Amino acid sequence: MKLSELLKQNKLSLSFEVFPPKTDTAFESVKRATEQIAELHPSFVSVTYGAGGGTSKYTLDIAKNIKQEHGVPTLAHLTCVSSTKATVKERIEDIKNAGIENVMALRGDLTPELEKSGLADCDYHHAAELVYELAESGAGFCIGGACYPEIHPESANQKEDIKYLKEKVEAGCEFLTTQMFFDNNLLYNFLYKIREAGITVPVIPGVMPITNANQVERAVKLSGSFVPQRFKSLVDKFGANPAAMKQAGIAYATDQIIDLYANGITNVHVYSMNKPDVAAKIKENLSDMLGYEL
Ligand code: FAD
């Protein structure tokens with residue numbers, strides 16, 4: 001099912017994100033974890049491409065398995081900045097042949113080499129170029145793009161970031177998924193600004209349940225997200241107690257999701273990564289709300 005159709009459904013839902021294995025030997029255990037997540041019947045599962053140390057060659061295997069064996073719609077991520085035009089063309093064919101209908105088109109993070117040399121010699125400079133190619137491929141993909149409520153770390157300011165976001169949407173994005181954020185007001189503010197700028201496609205907020213203290217630093221370094229004092233206090237209090245920290249992190253994410261639902265968001269994307277227990281707990285916490293027809 002295309003996510004553009006799914007997102008029109010006027011009922012509360014959750015989607016989950018998983019990442020492919022880092023090594024060939026980890027494939028079976030990662031596959032099992034992603035299957036357990038699919039068994040929770042989320043609205044869709046997204047599978048990252050090379051992010052979080054995952055091996056990009058398995059993105060399609062995992063996405064195909066979730067779709068075919070569990071009947072859950074999947075969203076396959078694809079990055080372009082470290083690839084040639086020929087490689088991307090091959091990947092697009094592979095996605096098409098795997099029967100995946102939804103693709104998240106990303107630039108990808110800059111490697112230290114690319115940061116030094118710049119993008120001048122690369123085949124791709126921005127995600128919009130990949131969006132355009134996917135749209136032109138004739139495969140009829142439903143294409144998504146990333147967006148940043150707290151602006152992309154490389155952007156000079158929000159106005160510029162939103163201007164380029166609009167260009168990306170105009171290249172063919174039918175929906176956007178946000179970077180993680182820990183303060184919902186940042187999301188509401190961002191939504192107001194992009195709507196004012198004329199970006200009308202659905203925006204899926206991404207929420208990351210932080211379940212251990214070490215994850216906070218990593219997540220913040222990766223995303224540049226603002227950490228509210230309310231969240232810092234929780235880490236101060238429970239960080240040294242893994243079970244309590246996990247429970248508190250899940251409760252914080254649940255609270256964020258309830259507030260998003262209460263303020264008109266229908267689908268929330270959970271960066272539960274390959275943790276079926278975390279995904280299951282969040283789903284359980286929302287059990288009487290999920291499926292609620294608006
Ligand atoms: P872009 O849309 O190209 O934006 C990158 C920067 O370039 C921004 O500052 C933007 O304002 C600027 N820009 C855009 N167009 C122009 C232009 N024409 N001229 C000048 N500047 C411009 N990474 C992975 O490796 N694998 C994944 O699976 C993955 N999944 C992700 C999913 C989500 C929801 C998010 C939010 C991020 C994900 N990432 C993933 C990380 C992503 O690759 C990085 O954040 C990357 O730095 C930017 O990717 P983008 O697609 O947003 O790039």
Side-chain angles (χ1 to χ4, degrees), residues 15-23 26 29-30 33-34 37 46-56 77 79 81-82 104 106-116 146-156 158 161 177-187 189-190 204-257 259-260 268-282 285:
S15 49
F16 293 124
E17 183 150 304
V18 300
F19 57 85
K22 291 180 185 150
T23 58
S29 64
V30 168
T34 64
I37 288 177
S46 75
V47 190
T48 66
Y49 185 86
T55 311
S56 40
H77 291 203
T79 65
V81 76
S82 309
M104 173 64 98
L106 299 142
R107 185 197 70 181
D109 278 321
L110 301 182
T111 57
E113 296 77 48
L114 279 176
E115 266 180 30
K116 229 190 264 167
C147 64
Y148 303 82
E150 298 174 67
I151 83 171
H152 186 275
E154 290 164 38
S155 292
Q158 194 170 42
D161 207 30
T177 305
T178 76
Q179 180 61 283
M180 68 182 84
F181 55 89
F182 300 103
D183 177 349
N184 287 3
N185 287 328
L186 293 165
L187 188 268
N189 199 289
F190 172 72
I204 309 177
V207 168
M208 162 84 85
I210 300 285
T211 52
N212 68 68
N214 300 336
Q215 211 187 336
V216 184
E217 206 180 315
R218 250 184 296 129
V220 170
K221 198 169 162 215
L222 197 79
S223 64
S225 305
F226 163 71
V227 183
Q229 187 54 46
R230 194 162 84 82
F231 190 78
K232 284 184 189 155
S233 302
L234 184 153
V235 179
D236 284 350
K237 191 80 178 170
F238 303 115
N241 179 334
M245 183 62 223
K246 187 170 173 181
Q247 198 168 42
I250 290 172
Y252 190 93
T254 303
D255 196 37
Q256 266 193 289
I257 298 169
D259 181 70
L260 291 166
V268 178
H269 192 57
V270 181
Y271 293 114
S272 53
M273 309 320 284
N274 298 348
K275 297 178 185 157
D277 57 331
V278 173
K281 190 70 199 163
I282 289 184
N285 288 347

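Predicted model only: the values in this text are computed from it and were never measured.
- Note that CE of Met245 and CZ of Phe238 are 9.0 Å apart. Values are rounded to the nearest 0.5 Å.
- The shortest non-hydrogen separation linking Pro276 to Ile37 is CA-CG1, 3.7 Å.
- Applying the side-chain hydrogen bond (donor to acceptor under 3.5 Å, both in side chains) test between Lys246 and each of Thr211, Asp277, Asn212 identifies Asp277 as the sole match.
- Between Met180 and Val207, the closest side-chain pair of non-hydrogen atoms is not below 4.5 Å.
- Residue Asn184 holds its CG atom at 4.0 Å from CG of Leu260, rounded to the nearest 0.5 Å.
- Shown here for Asp109 and Val81, the closest heavy-atom pair between the two residues is O-CG1, 3.9 Å.
- Phe16 places none of its side-chain heavy atoms less than 4.5 Å from the side chain of Ser46.
- At least one side-chain heavy atom of Tyr271 sits under 4.5 Å from a side-chain heavy atom of Thr177.
- Taking the six-membered ring where the residue is Trp, Tyr252 and Phe182 present tilted rings, their angle falling between 30° and 60°.
- For the pair Pro242 and Ala240, the tightest heavy-atom approach, listed with the atom from each and the gap, is CD-O, 3.4 Å.
- Partner of Tyr148 under the side-chain contact (heavy atoms from CB on, under 4.5 Å) criterion, out of Glu154, Gln158, Gln179: Gln179 alone.
- Put simply, the side chain of Pro20 reaches to within 4.5 Å of the side chain of Thr48, judged on heavy atoms.
- Atoms CG and NZ, on Asn274 and Lys22 in that order, are 9.0 Å from each other to the nearest 0.5 Å.
- Within the 4.5 Å cutoff, no side-chain heavy atoms of Thr178 are placed close to those of Ile204.
- Side chain of Glu150 to main chain of Phe190: no donor-acceptor pair is present (N/O by atom type, distance under 3.5 Å, no hydrogens or angles).
- Asp183 places no side-chain N or O within 3.5 Å of a backbone atom of Phe226 that could act as its donor or acceptor partner.
- Of the N and O atoms on the side chains of Ser15 and His269, at least one donor lies less than 3.5 Å from an acceptor on the other residue.
- Residues Val270 and Gln256 fail the side-chain proximity criterion, which asks for heavy atoms closer than 4.5 Å.
- Between the side chain of Glu17 and the backbone N or O of Ser272 there is no donor-acceptor pair closer than 3.5 Å.
- Nearest heavy atom pair, residue Pro149 against residue Leu186, reads CB-O, 4.1 Å.
- A distance-only check finds a donor-acceptor pair linking the side chain of Asp161 to the backbone of His152 [under 3.5 Å].
- No donor-acceptor pair under 3.5 Å is formed between the side chain of Ser155 and the backbone N or O of Ile151.
- Across Ile282 and Pro209, no two heavy atoms sit closer than the pair CD1-CG, 3.6 Å.
- Of the possible polar contacts, none joining the Ser225 side chain to the Val220 backbone as a donor-acceptor pair under 3.5 Å is found.
- Smallest separation of non-hydrogen atoms from Phe231 and Ile210: CZ-CB, 3.5 Å.
- Taking 4.5 Å as the limit, every side-chain heavy atom of Gln247 sits out of range of all side-chain heavy atoms of Lys281.
- Residues Arg107 and Thr79 form no side-chain contact, since every pair of their non-hydrogen atoms from C-beta on lies 4.5 Å or further apart.
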